[in-house]
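Report on one structure; see the data block that follows.
Note that the structure is a prediction, hence the values are computed from the model and not measured.
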Amino acid sequence: MKKVLILSLALAASVAADPIRVAILTPSFNLYSDLEAALDSDPRIIDATRFGISSTLPPLYQLLIFDCVIATGSFTVCDPVAYGDLLADYVDDGGGVLCVHEAMLGSYSHYESAPTGRWEAEGYCPYECTSSSLIVNSKDLLIDQPSHYIFDCVAGVDEVHLRVQTSLRSGAYELAHFADAGGVAVNE
């Protein structure tokens with residue numbers, strides 16, 4: 001459930017008054033079914049759909065019907081460079097992307113599960129990964145901008161278990177952070 005809360009925070013950034021559609025890109029189609037169900041039950045979201053990306057990526061035109069893409073990692077994707085290029089193209093066409101822990105590792109990923117290509121090289125992600133090691137222990141997310149609409153109806157996010165060591169890229173600003181890692185940031 002904590003994973004869903006963090007994702008809901010980031011999704012709120014792309015939420016207008018109208019309900020939105022969310023695509024979840026996951027190397028293992030068996031993962032994130034709980035996230036898909038939780039998002040489908042949120043009245044702000046009219047559709048949440050998972051796409052398995054271990055053997056193929058969805059074409060850009062298919063993603064463009066979604067308002068937000070959640071990029072995940074954990075297992076090998078079919079092509080990390082093409083994955084990153086697809087996400088960059090999606091953003092160029094007006095979409096919003098949320099990267100979840102391992103998807104932020106970029107070329108540091110042990111399993112080639114993170115988007116690289118233009119996504120990493122051209123700084124689409126507001127954070128730059130600084131280590132291949134995940135931080136594994138529980139920390140609370142510290143909200144720096146509580147009045148920002150992304151935190152509407154959110155009192156806090158406690159005991160997050162996995163984090164990625166990052167630095168904030170130029171042109172990005174942080175809305176929340178962990179004491180030992182980045183947290184929620186957006187590009188200007």
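- For the pair Gln62 and Phe51, the minimum side-chain heavy-atom distance is below 4.5 Å.
- Contact detail for Glu120 and Arg169: the closest heavy-atom pair is O-NH2, 3.4 Å.
- By the rule that hydrophobic residues join a cluster once side-chain heavy atoms approach within less than 4.5 Å of another member, Leu142 and Tyr173 end up as members of separate clusters.
- The shortest side-chain heavy-atom distance between Tyr83 and Thr116 does not fall under the 4.5 Å cut-off.
- With a 4.5 Å cut-off on side-chain heavy atoms, Leu86 and Leu60 count as touching.
- To the nearest 0.5 Å, atoms OG1 (Thr26) and CD1 (Ile53) are separated by 7.0 Å.
- Taking all atoms of both residues into account, the shortest heavy-atom contact from Ser55 to Cys78 is C-CB, 3.5 Å.
- Considering every non-hydrogen atom in both Gln145 and Glu174, the closest pair reads CG-O, 4.1 Å.
- No side-chain donor-acceptor contact under 3.5 Å links Asp47 to the backbone of Arg21.
- Looking only at side-chain heavy atoms (C-beta outward), Phe178 and Ile135 stay at 4.5 Å or farther from each other.
- In plain terms, the two heavy atoms of Leu25 and Pro58 that are nearest each other are CD2-CG, 3.9 Å.
- In this structure, Ile46 CD1 and Asp18 CG are separated by 8.5 Å, a value rounded to the nearest 0.5 Å.
- Ala48 and Ile45 make their closest contact through N-CG2, 4.4 Å (heavy atoms, listed as atom of the first residue, atom of the second, distance).
- A donor-acceptor pair is defined here as one N or O able to donate and one able to accept, closer than 3.5 Å; such a pair exists between the side chain of Thr130 and the backbone of Gln165.
- Here Arg118 contributes atom CZ and Asp89 contributes atom CG; the two are 5.0 Å apart, rounded to the nearest 0.5 Å.
- In the hydrophobic clustering of ILVMFWY residues, with side-chain heavy atoms under 4.5 Å counting as a link, Val91 and Ile65 come out together.
- Between Trp119 and Tyr124, the angle of the ring planes stays under 30°, which puts this pair in the parallel group of the 30/60° scheme.
- The line from OH of Tyr32 to CD1 of Ile70 is 9.0 Å long, rounded to the nearest 0.5 Å.
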- Evaluate side chain to side chain contact (heavy atoms under 4.5 Å, CB included) for Asn137 paired with Asp180, printing each intermediate quantity in order. CA-CA 10 Å; Asn137 61 34; Asp180 58 357; 4.1 Å; yes

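- For the atom pair CG (Leu168) and SG (Cys125), the distance works out to 10.0 Å, reported to the nearest 0.5 Å.
- The structure places CG of Leu98 at 11.0 Å from CG of Leu87, a figure rounded to the nearest 0.5 Å.
- Looking at Ser54, its side chain never comes within 3.5 Å of a backbone N or O of Val77 through a donor-acceptor pair.
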